[in-house]
Participant: 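Starting off with a structure, shown below.
Order of the sequence lines fixes the chain letters, A, B, ..., with proteins taken first and strands second; residue numbering starts at 1 for each chain.
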2 protein chains.
Amino acid sequence: MKLEQNIKIAVDAIVFGYADNHLSVLLIKQKFGELKNQWALVGGFVKDNETLNDAVNRELKEEAGIKVNYLEQLFTFGDNIDRDPRFRVISVAYFALVNSTKLVLTADTDAEDAKWFPIKELPTLAFDHKDILNTALLRLQNKLTYQPIGFDLLPKEFLFSDLENLYCTILEKEIDRRNFRKKILSFGIIEETDNFSPKKSGRPAKLFRFNKLKYNKLAKDGFLFDINFA
Amino acid sequence: MKLEQNIKIAVDAIVFGYADNHLSVLLIKQKFGELKNQWALVGGFVKDNETLNDAVNRELKEEAGIKVNYLEQLFTFGDNIDRDPRFRVISVAYFALVNSTKLVLTADTDAEDAKWFPIKELPTLAFDHKDILNTALLRLQNKLTYQPIGFDLLPKEFLFSDLENLYCTILEKEIDRRNFRKKILSFGIIEETDNFSPKKSGRPAKLFRFNKLKYNKLAKDGFLFDINFA
DNA sequence: TTATATATGCGTAAATTATACGCAAATATA
DNA sequence: TATATTTGCGTATAATTTACGCATATATAA
């Protein structure tokens, strides 16, 4: 069997973060090559002896010094045959979420060129990274309606209003506050804490916490988290 | 930038077919190599200048002489680092459906070693193809509940009872016949024909046809096809 | 010819869930 | 003390799901 394949395999990560009612994406400024100074997704080539997951996590650490809360394979992009003149590149894209405490990038890594961009203020992106990003955004919006991944974008303890705003912001629609609360509570996967959050005005609100154990239990039994609102 | 990556990229297809109340998968008997005479998924290495989709369709034609009704990317499997001693193989798996008229493989291709296996009577599979198959089966079951892909497994004109049995068989559960009919009809994506199907006993039943145009219209408007039953 | 088994096609009551709100409570600020 | 603001709980109504009943149309057996 002849096999002279000149294709290299890369991984890319679309990392979403949420803070102050804004959804953001983590981007890296390219240091080398023709695309020097262009913004791109975190990513790089896969080493011969590491899994795809390991490769993504390594790149996330090397390029942005970050550990993500949620990671899943998104899609493999391989149709852009002329992306690099030296060889064809096929990219396995990953979808990642970090909680808001990680939205400030630490300066002690070589991550000086990593930056968060609000999803509404993106720069021009290298390669086909704009397409990948759009695919990821659709996945995020979709997944939000049937899997409770919103918690991975929030700090450990959060207000109901934070969670509600997150849904409204990412899904770009109004949701009735009281019905939202009722439905989320009905799942039995978040619990009250004894803590309150300081507020500028209005009645003080309890902080809540996501109970991953209870979620896993329900998910294993095939419980359907239907988080859709009119 | 040093880059000595010794990885080859392949595509594999999990092709599902449905006939006589049985879900089946298309497998190929390996002709060469260490795994000679073992059964495996349709698949092969990607050529330098073809898209991933083209690669899958080419393999489907070459190895089984088949054109599929539905094809989508499933998942990229890359963790099985020692699959081939010569190099590492990363496989982009595709999920495919054919309608029941194609369940008889034509002998005029080099497909003499292609065969349909009922999902409940699988042989031992090569590589990690059993894992890939399981992933595909879960995808099929899941997708059936929110996207009307069942029609891609049936002939152009079909009985409601065929569709119902397909759902019962693949999802492995009982569904109330009358409620099933009501819900599917409520979507407005299938239409009556003037034809009847010959039956062994019982009242003659009308044949129905899937209207893809109406489906596409609804899908574009974000209509939710909730095909879940208690 | 008549009875029986089988599958279809239509309908409806009851249970459940979703939607649209009302409103008191608790705080900051004017 | 009044006002604006946000929270937390509740409830009536609409919509949907679920569990069936039953007449109809055919093949086959008696």
Participant: Taking atom P of C:dT19 as reference, at what distance in whole Å does atom NZ of A:K182 sit?
Facilitator: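 One finds 11 Å between P of C:dT19 and NZ of A:K182, rounded.
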Participant: At what distance, to the nearest 0.5 angstrom, does CH2 of B:W39 lie from CG of B:L26?
Facilitator: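 Those atoms lie 9.0 Å apart.
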Participant: Between A:F158 and A:F210, is the ring centroid distance below 6.0 Å?
Facilitator: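 No: the rings miss the under 6.0 Å criterion.
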Participant: So, using salt bridge (charged side-chain N to carboxylate O under 4.0 Å, His left out) as the criterion, who are the partners of A:E192 when residues are at least two apart?
Facilitator: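 So A:E192 forms a salt bridge (charged side-chain N to carboxylate O under 4.0 Å, His left out) with A:K206.
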Participant: Rounding to an integer number of Å, can you tell me how far B:L224 CG sits from C:dA18 P?
Facilitator: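 Interatomic distance, CG of B:L224 to P of C:dA18: 13 Å.
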Participant: Between C:dT8 atom P and B:I184 atom CD1, what is the distance in whole Å?
Facilitator: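 For the pair B:I184 CD1 and C:dT8 P, the rounded distance is 15 Å.
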Participant: Spell out, as yes or no, whether a donor-acceptor pair under 3.5 Å connects the side chain of B:Y94 to the backbone of B:V56.
Facilitator: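 Answer holds: no.
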Participant: Tell me the interatomic distance from B:F229, atom CZ, to C:dT17, atom P, rounded to whole angstroms.
Facilitator: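 These atoms are roughly 17 Å apart.
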Participant: With a cut-off of 6.0 Å (strictly less than), are more than 12 heavy atoms of other residues, nucleotides or ligands near CG of A:D221?
Facilitator: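 More than 12 heavy atoms, drawn from other residues, nucleotides or ligands, come within 6.0 Å of this atom.
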Participant: Holding to salt bridge (charged side-chain N to carboxylate O under 4.0 Å, His left out), I want the full list of residues that pass it with B:D176, two or more places apart in sequence or in another chain.
Facilitator: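 Salt bridge (charged side-chain N to carboxylate O under 4.0 Å, His left out) list for B:D176, sorted by chain: B:R178.
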Participant: Quick one: A:I227 CD1 to C:dT17 P, roughly how many Å, whole number?
Facilitator: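 Answer to the nearest Å: 16 Å.
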Participant: Quick one, which residues of residues 199-208 of chain A touch DNA chain D with a heavy atom under 4.0 Å?
Facilitator: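 Here the set is A:K199, A:S201, A:G202, A:R203, A:P204, A:A205, A:K206.
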Participant: So if I take residues 154-181 of chain B and measure heavy-atom distances to DNA chain D, which residues fall below 4.0 Å?
Facilitator: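 Within residues 154-181 of chain B, the residues near DNA chain D are B:D176, B:R178, B:N179.
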Participant: Rounded off to whole Å, could you give me the NZ-to-C1' distance for the A:K183 and C:dT17 pair?
Facilitator: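 Whole-Å distance recorded here is 8 Å.
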Participant: Answer with yes or no whether the side chains of B:N99 and B:T101 bring together a donor and an acceptor at under 3.5 Å.
Facilitator: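 The answer is yes; a qualifying pair exists.
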Participant: Measure CG/B:D226 against C1'/C:dT17 and give the value in whole Å, please.
Facilitator: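 After rounding, the gap between these two atoms is 12 Å.
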Participant: Listing request: all side-chain hydrogen bond (donor to acceptor under 3.5 Å, both in side chains) pairs with a residue in residues 157-173 of chain A, at least two apart in sequence or in separate chains.
Facilitator: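 Sorted pair list: A:K120-A:E172, A:E157-A:N195, A:E157-A:R209.
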Participant: Rounded to the nearest 0.5 Å, how far apart are NZ of B:K29 and CG of B:N37?
Facilitator: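 Rounded to the nearest 0.5 Å, the NZ-CG separation comes out at 5.5 Å.
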Participant: Mind checking the CG-CD1 spacing from B:N228 to B:I175? Nearest 0.5 Å is all I need.
Facilitator: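 Going from the CG atom of B:N228 to the CD1 atom of B:I175 covers 9.0 Å.
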Participant: Start at the 5' end of DNA chain C and walk down; is the nucleotide closest to B:L185 or to A:N228 reached first?
Facilitator: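 Final value for this comparison: B:L185.
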Participant: Give the minimum heavy-atom separation between A:V15 and A:W116, together with the two atoms involved.
Facilitator: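 Looks like O-CZ3, 3.5 Å.
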Participant: Need two values: the first and the last nucleotide of DNA chain D, 5' to 3', having an atom under 4.0 Å from any heavy-atom of chain A.
Facilitator: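 Listed 5' to 3', the contact boundaries are D:dT5 to D:dT11.
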